[in-house]
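First comes the structure, then the notes that go with it.
Note that the coordinates shown come from a computational prediction; the quantities given were computed from them, not determined experimentally. In what follows, residues are counted from 1 in the order of the sequence shown.
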Amino acid sequence: FSTNYQWQIRGWSTLGFCSLDATKGEAGNGSITVKVEPNATDEVRTAEFDILAGAAVQTVTITQTETNAIDIGTTSYSAPADGGLVEIAVSANIEYTVNIPAEITWIREATRSKVMVTSYVNLQVDANPTWFPRTADITVTGKDIEGNDITIPITITQDCGHVTWTKTFTTDWTEIARSTPFHVAMYGEDLYISDSDGTIHAVNPADGAYRNEVSIPGLSIAPQSMASDDAGNLVFAANAQSTMFTVYAYDGTSVTSIAEYNGANMYGWTIGNVRVVGDVKSNAVVTALAALWGNSAYYIAWQITNGTASAPVTGTIGSTGNPSGVTNGCVSPVSDNLDDGIVFIGYAGSPYALYYCADPAGDKTWVTTYDTGTEGNENYNSISVVEYKDRKYCAIGEDNHFGYSTPQVYLVDITDLPTATLAYKGSIEGTFGSVGAMDVKLAVDGDALKIYLVDAGYDSAACIELTR
């Protein structure tokens, strides 16, 4: 610049991110060098100073552009099992690209806006058609002011199924004693829970809210076994040791005896833990477990045809486990026809697995059909079988009274026995108590398959909903 007066700079001390090499000078030709610090921010910034010469004033404005930037505060996102939009907050002042690998076909970009404020990239996530979680790694990329690549990785994790409710005994279900044995059944619009005192309680299966204590008209026993068949009838039994073991059914009108076994035939053994598949008023199979500490278990099974039970079928479960008690193992039918076989899981199995007997009335041979991969010391076990969308599923409830792990549920596809495959695995958190006591119940509710997992020992209960 040129001036015929002495000059000086006004405002030089407040320039902030820039500095001047001179703040005054004589008349004539002059120059000022402005030194600017790098802009590490994602915003444009300015600074001003005045050159004063006599009465003349010239304002100089320094404008510094922002750094090319992409910022994503969170790089891990979860998508619901039934699909939907995942909203990603992006701050960027440059063009950027969302890169989804070609093999990830269940995620696609939906909408986007671009301003140098927090904006959003919406990713459309399809419903998860499987019952296993899945993960996708994608990136957001752009270039900085020097042309170098900027890459930010993002992980999308999609769950399978969802927990619709959880409850605790100490807070939500104080009316229900935390004791063993412990059984769960569906009856009408209620989820029934029974404890070792034979007291039956009703809770709302939709949200787990406690409803009331239940009295079954005409039931003369304190039920230590309780189950529900596919037609909604309730099945009860009291454990028997060297005495007559009787299975009762309740259809909403009356209680009737439907099956018997003379416990004297297994002297010293405890018989209980009844399971049922089918309709006991029509065609069904009912099973019970006989167990004695230090010995292998026995099964008892009845084929019910046109509402009448056959003579009991019995056999040893052999080397598949040592239940040591009727709550430590569980044997269940796989259909309403005993010729389709029975399944078993129990304490001290090696491996801890679901076993299958294709001919319980004939050769009585057991084979391993699904290995859980755990240690085999799970003390409290339960089985529930249901047909859902033309497939047959078996839920295994796994618990122990030593507090080794949280309660687990394995959902196994047993449609093609003796081949069985894991369809879903879940668990519920809880606080371990002095006892282990749990049961599992599968129920089809419209388009959903629901798993009711109740564990008094861990002070926890949950409903897990799966759809396909």
Checklist line | Shortest non-hydrogen contact from S225 toward G272 | finding: OG-C, 3.7 Å
Margin query: Salt bridge or not between D439 and R275? Use side-chain N to carboxylate O under 4.0 Å.
Written below: yes
Next item on the list: Run the numbers on L191 and V184 for side-chain contact (heavy atoms from CB on, under 4.5 Å), then give the verdict.
Entry: CA-CA 7 Å; L191 181 69; V184 179; 3.4 Å; yes
Item checked: Donor-acceptor under 3.5 Å (T74 side chain, S76 main chain) -> no
Checklist line | Nearest-0.5 Å distance that lies between atom CD1 in I104 and atom CD1 in I138 | finding: 9.5 Å
Note to self: So does A284 get a backbone contact from the side chain of D336, meaning a donor-acceptor N/O pair under 3.5 Å?
What the structure shows: no
Note to self: If you compare all heavy atoms of W173 against all heavy atoms of G208, which two are closest, and at what distance to 0.1 Å?
What the structure shows: NE1-O, 2.8 Å
Next item on the list: Dump the intermediate steps for salt bridge (charged side-chain N to carboxylate O under 4.0 Å, His left out) on D207 and K167, then the final yes or no.
Entry: CA-CA 9 Å; D207 59 13; K167 297 293 179 183; 6.0 Å; no
Item checked: Salt bridge present between D229 and K281 (N-O < 4.0 angstrom) -> no
Notebook entry, point to check: Rounded to the nearest 0.5 Å, how far apart are CG of D340 and OG of S335?
Noted result: 3.5 Å
Note to self: Counting C-beta onward and ignoring hydrogens, is there a side-chain heavy-atom pair between V343 and V331 closer than 4.5 Å?
What the structure shows: no
Check: Under the 3.5 angstrom rule, does the side chain of S384 hit a backbone N or O of K441 as a donor-acceptor pair?
Finding: no
Check: Shortest non-hydrogen contact from I200 to P223?
Finding: CD1-CG, 4.2 Å
Note to self: One thing to verify: whether K392 and D413 come together as a salt bridge, which I'm taking to mean a side-chain N less than 4.0 angstrom from a carboxylate O.
What the structure shows: no
Next item on the list: Have a look at V121 and tell me which of V86, V98, I154, I72 forms a side chain to side chain contact (heavy atoms under 4.5 Å, CB included) with it.
Entry: V98
Check: side-chain contact (heavy atoms from CB on, under 4.5 Å) between Q124 and L85: does it pass, once the steps are laid out?
Finding: CA-CA 5 Å; Q124 179 65 51; L85 290 178; 3.2 Å; yes
Notebook entry, point to check: Just wondering, do F344 and T369 contact through their side chains at under 4.5 Å, heavy atoms?
Noted result: no
Check: Does some side-chain heavy atom of P333 sit less than 4.5 Å from a side-chain heavy atom of L338?
Finding: no
Next item on the list: Report yes or no: does W165 contribute a side-chain atom to a donor-acceptor pair with the main-chain N or O of P205 at less than 3.5 Å?
Entry: yes
Check: Which pair of heavy atoms, one from L289 and one from G329, lies closest together, and at what distance?
Finding: CD2-O, 3.3 Å
Notebook entry, point to check: Are any non-hydrogen side-chain atoms of I304 and N283 less than 4.5 angstrom apart?
Noted result: no
Notebook entry, point to check: Does the pair N99 and T141 meet the rule for a side chain to side chain donor-acceptor pair (under 3.5 Å), with working shown?
Noted result: CA-CA 8 Å; N99 306 289; T141 59; 3.0 Å; yes
Check: Looking at CD1 of I414 and OH of Y370, how far apart are the two atoms once the value is rounded to the nearest 0.5 Å?
Finding: 13.5 Å
Check: Is any side-chain heavy atom of Y410 less than 4.5 Å from a side-chain heavy atom of T372?
Finding: yes
Next item on the list: Can you see which heavy atom on V255 is nearest to which on P217, and at what distance?
Entry: CG2-O, 3.3 Å
Check: Is there a donor-acceptor pair under 3.5 Å between the side chain of Y250 and the backbone N or O of G252?
Finding: yes
Checklist line | Note, L354 side chain near I383 side chain (heavy atom, < 4.5 Å) | finding: yes
Check: Which pair of non-hydrogen atoms, one from E465 and one from T467, has the smallest distance, and what is that distance?
Finding: OE2-CG2, 4.2 Å
Notebook entry, point to check: Taking atom CD1 of I156 and atom OG1 of T135, what is their separation to the nearest 0.5 Å?
Noted result: 9.5 Å
Item checked: Side chain N128, main chain F132, donor-acceptor under 3.5 Å -> yes
Checklist line | Rounded distance (nearest 0.5 Å) linking atom CD of Q224 with atom OG1 of T270 | finding: 9.5 Å
Next item on the list: Assess whether side-chain contact (heavy atoms from CB on, under 4.5 Å) is satisfied between T97 and V140, documenting all intermediate values.
Entry: CA-CA 6 Å; T97 302; V140 174; over 6 Å; no
Note to self: One pair to check against side-chain contact (heavy atoms from CB on, under 4.5 Å): Y96 and V90. What are the steps and the verdict?
What the structure shows: CA-CA 10 Å; Y96 61 87; V90 179; 4.0 Å; yes
Check: How long is the gap from OG1 on T419 to OH on Y356, to the nearest 0.5 Å?
Finding: 10.5 Å
Note to self: Which residue in the set Y187, Y452, F236 passes ring pair (Phe, Tyr, Trp, His ring centres under 6.0 Å) when paired with Y192?
What the structure shows: Y187
Next item on the list: For E260 and T246, indicate whether the former's side chain and the latter's backbone hold a donor-acceptor pair under 3.5 Å.
Entry: no
Next item on the list: Kindly assign one of parallel, tilted or perpendicular to the pair Y393 and W131, based on the angle between their ring planes and the thresholds 30° and 60°.
Entry: tilted
Check: Checking T155 side chain against D137 main chain: does a donor-acceptor pair fall under 3.5 Å?
Finding: no
Item checked: Min side-chain heavy-atom separation H183-N273 under 4.5 Å -> yes
Next item on the list: Give me the ring orientation class for H201 and Y210: parallel if the planes are under 30° apart, tilted from 30 to 60°, perpendicular past 60°.
Entry: tilted
Margin query: With heavy-atom distances below 4.5 Å as the criterion, would you say the side chains of R134 and P129 are in contact?
Written below: yes
Next item on the list: Without swapping roles, check the side chain of W366 against the backbone of T316 for a donor-acceptor pair under 3.5 Å.
Entry: yes
Checklist line | Side chain Q158, main chain D126, donor-acceptor under 3.5 Å | finding: yes
